[in-house]
Amino acid sequence: MMIGTATSVSVSAWEASASQALKAIARNEKMKSQVQRGEGLYPLLSSAARRFVVGETREEAISEASELLLKGYGVSLECIRENVRDVRDCISAKDEFLAIIRTVGQANLQSTVSLDLSYMGMNMDPQLTYEHLLELAQEAERYGITIMISAEESTKIDQIINIYKRIGEQYANVGITLQAHLHRTLHDYLDIQAYPGKIRIVKGAYQEAADVALPRSEELNERYLDIVEMVAASGRQISIATHDEAIIEKVVKKGYLQQPNVEIEMLYGVRPERLKELKDEGYRTKVYVLYGVEWYLYVCHRLAEHPPNIYKAIEDMANFYAETEKESLY
Ligand code: FAD
């Protein structure tokens with residue numbers, strides 16, 4: 001999920017060039033392996049990563065999720081994985097998601113589980129991915145857990161929608177993420193309208209060509225709100241997944257967030273203070289909690305998306321050396 005990035009319209013020239021540099025760092029395999037092998041560097045950078053990724057293990061994620069649930073937030077859990085090389089990787093990803101579902105279910109935690117179909121080999125063997133998702137959906141249904149399929153690059157959307165529809169015919173506990181920036185999304189929504197699963201609406205993180213998607217703009221915000229209006233009015237479960245204040249203000253003003261089928265969902269570590277305010281005002285809020293060892297790309301992109309986060313990363317690293325106890329962001 002969310003590996004790509006997009007630049008806010010309001011960033012300064014400095015921020016734009018920092019953002020470009022971070023995207024280059026994110027793509028640099030040599031740098032990534034230096035970080036992962038560097039004995040001094042790894043713990044330092046992982047202390048900065050902890051703002052966005054709760055830990056490397058499932059246990060750490062479940063522990064953070066339990067605390068968030070106790071505080072009154074909803075939670076989505078995802079294990080960050082990277083490139084799938086062979087069928088063994090697909091099975092290992094499926095097994096990890098199965099383990100999350102069972103752990104969450106047996107602990108009676110009301111958490112959603114999110115995943116990319118690419119983690120389970122969609123590009124290599126869509127039938128195998130379908131079978132894996134079916135197995136996960138079946139297990140999740142036993143515990144009343146919702147699975148959310150993440151959105152990926154535009155070239156993968158046909159396959160994602162196909163698999164979603166095959167599963168949606170059998171399981172209502174599987175939902176899908178739609179990207180407002182893609183020109184095709186309205187058509188996709190109409191295509192899946194008859195299926196019962198929840199819909200998460202995001203702007204879209206991947207860089208796409210102009211004939212495929214809108215850049216960050218007023219026009220994109222209007223389109224985002226049009227989709228929210230349409231889905232919220234249908235009465236189905238909907239997650240408004242954004243950190244954009246302009247959109248948040250409008251969904252509150254228009255009363256969507258007051259509807260029982262609507263929640264607002266933000267990524268762990270991004271605008272936690274705003275999500276807390278919304279929760280304290282009584283709205284349904286959800287935190288998207290990520291864990292895993294493959295955090296490098298994800299964290300670089302969270303910094304690139306909002307370069308002032310670099311200051312926070314420096315602060316987190318300084319606190320790591322000062323051995324300052326990490327305070328909860330929520
Ligand atoms: P933007 O226009 O990008 O940002 C608006 C404002 O929000 C910024 O000006 C800034 O004030 C604030 N902000 C944004 N990002 C940050 C940040 N990192 N740190 C601090 N402030 C920030 N994308 C996909 O392509 N596929 C997915 O499956 C997917 N799933 C997601 C699930 C959730 C729950 C969320 C919240 C996002 C998901 N995304 C996914 C990412 C999404 O597409 C956007 O890239 C991301 O949310 C940033 O867009 P925005 O709506 O916040 O608006």
Side-chain angles (χ1 to χ4, degrees), residues 1-12 15-16 18-19 22-23 48-49 51-53 73-78 80 111-119 146-157 160 164 175-182 185 198-208 212-225 227-228 238-251 263-275 278 285-290 298-313 329:
M1 184 276 305
M2 315 159 275
I3 294 298
T5 187
T7 309
S8 160
V9 279
S10 61
V11 290
S12 68
E15 286 179 352
S19 177
L22 281 158
K23 287 180 215 168
R51 181 170 289 275
F52 301 108
V53 178
Y73 297 96
V75 174
S76 287
L77 276 170
E78 186 194 327
I80 313 179
S111 168
T112 297
V113 173
S114 288
L115 47 85
D116 279 27
L117 293 184
S118 289
Y119 294 159
T146 299
I147 295 178
M148 289 302 296
I149 301 173
S150 293
E152 303 185 43
E153 294 95 322
S154 58
T155 47
K156 297 182 183 167
I157 303 297
I160 293 175
Y164 168 70
I176 190 164
T177 307
L178 297 179
Q179 302 173 73
H181 77 160
L182 296 183
T185 290
K198 181 171 187 165
I199 292 187
R200 177 191 282 139
I201 302 168
V202 299
K203 282 193 187 177
Y206 296 92
Q207 282 183 314
E208 303 279 1
V212 173
L214 286 175
R216 293 297 192 264
S217 56
E218 268 305 308
E219 193 183 353
L220 171 56
N221 279 15
E222 277 166 28
R223 186 193 279 174
Y224 188 105
L225 287 161
I227 299 171
V228 167
I238 163 175
S239 161
I240 299 176
T242 185
H243 319 100
D244 190 330
E245 195 53 38
I247 292 182
I248 296 168
E249 278 173 17
K250 289 212 174 94
V251 294
E263 69 188 7
I264 179 142
E265 185 172 14
M266 294 190 191
L267 300 177
Y268 182 84
V270 179
R271 303 200 72 202
E273 63 300 326
R274 184 61 177 122
L275 198 67
L278 290 163
T285 51
K286 190 170 256 186
V287 186
Y288 195 111
V289 171
L290 287 115
Y298 176 80
V299 171
C300 286
H301 279 120
R302 291 290 81 77
L303 300 182
E305 186 170 65
H306 191 67
N309 282 336
I310 296 166
Y311 300 131
K312 291 197 171 128
L329 299 169

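Order of appearance sets the numbers: ligands from 1, and atoms from 1 within every ligand. For the numbers below, each heavy atom of this structure counts, side chains included, while hydrogens, waters and symmetry mates do not.
Interface of Arg302 with ligand 1, defined as ligand atoms under 4.0 Å from a residue heavy atom, comprises 18 (N). Per-residue contacts place Glu305 under 4.0 angstrom from the following atoms of ligand 1 (heavy atoms of the residue considered): 15 (N), 16 (C), 17 (C), 18 (N), 45 (O), 46 (C), 48 (C). Distances below 4.0 Å separate heavy atoms of Asn309 from the following atoms of ligand 1: 17 (C), 18 (N), 19 (N), 20 (C). With ligand atoms numbered from 1 in the order given, ligand 1 contributes 25 (O) to contacts under 4.0 Å with heavy atoms of Tyr206. Listed by number with element, the atoms of ligand 1 under 4.0 angstrom from any heavy atom of Thr177 are 28 (O). Interface atoms of ligand 1 facing Ala241, defined by a heavy-atom separation under 4.0 Å, are 33 (C), 34 (C), 35 (C), 36 (C). Near Ser150, meaning under 4.0 Å from any of its heavy atoms, are these atoms of ligand 1: 28 (O).
Taking all atoms of both residues into account, the shortest heavy-atom contact from Ser239 to Glu265 is OG-OE1, 2.7 Å.
Taking each of His301, Glu153, His306 in turn, the one with a heavy atom nearest to atom 8 (C) of ligand 1 proves to be His306. Evaluated by nearest non-hydrogen atom to atom 3 (O) of ligand 1, the leading choice among Arg216, Lys203, Arg274, Lys286 is Arg216. Comparing heavy-atom distances from atom 26 (N) of ligand 1 across Ala304, Ala180, Ala151 singles out Ala151 as nearest.
If you check the side chains of Thr146 and Lys198, you find no donor sitting under 3.5 Å from an acceptor. A donor-acceptor contact closer than 3.5 angstrom links the side chains of Tyr119 and Glu78. Residues Thr185 and Arg223 bring no donor and acceptor atom of their side chains to less than 3.5 Å of each other. A donor-acceptor contact closer than 3.5 angstrom links the side chains of Lys156 and Ser118.
Annotation: side chain of Ser150 is in contact with side chain of Tyr288 (closest heavy-atom distance under 4.5 Å).
If you look at Thr242 next to ligand 1, the close heavy atoms, those under 4.0 Å, come from the backbone and the side chain alike. Of all the heavy atoms of Glu152, none lies under 4.0 Å from any atom of ligand 1, so neither backbone nor side chain is involved.
Judged purely by atom type and a 3.5 angstrom limit, His243 has no side-chain atom pairing as donor or acceptor with the backbone of Arg274. For Asp116 (side chain) and Glu152 (main-chain N/O), no donor-acceptor pair under 3.5 Å exists by modelled atom type.
Heavy atoms of Glu245 stay at 4.0 angstrom or farther from ligand 1.
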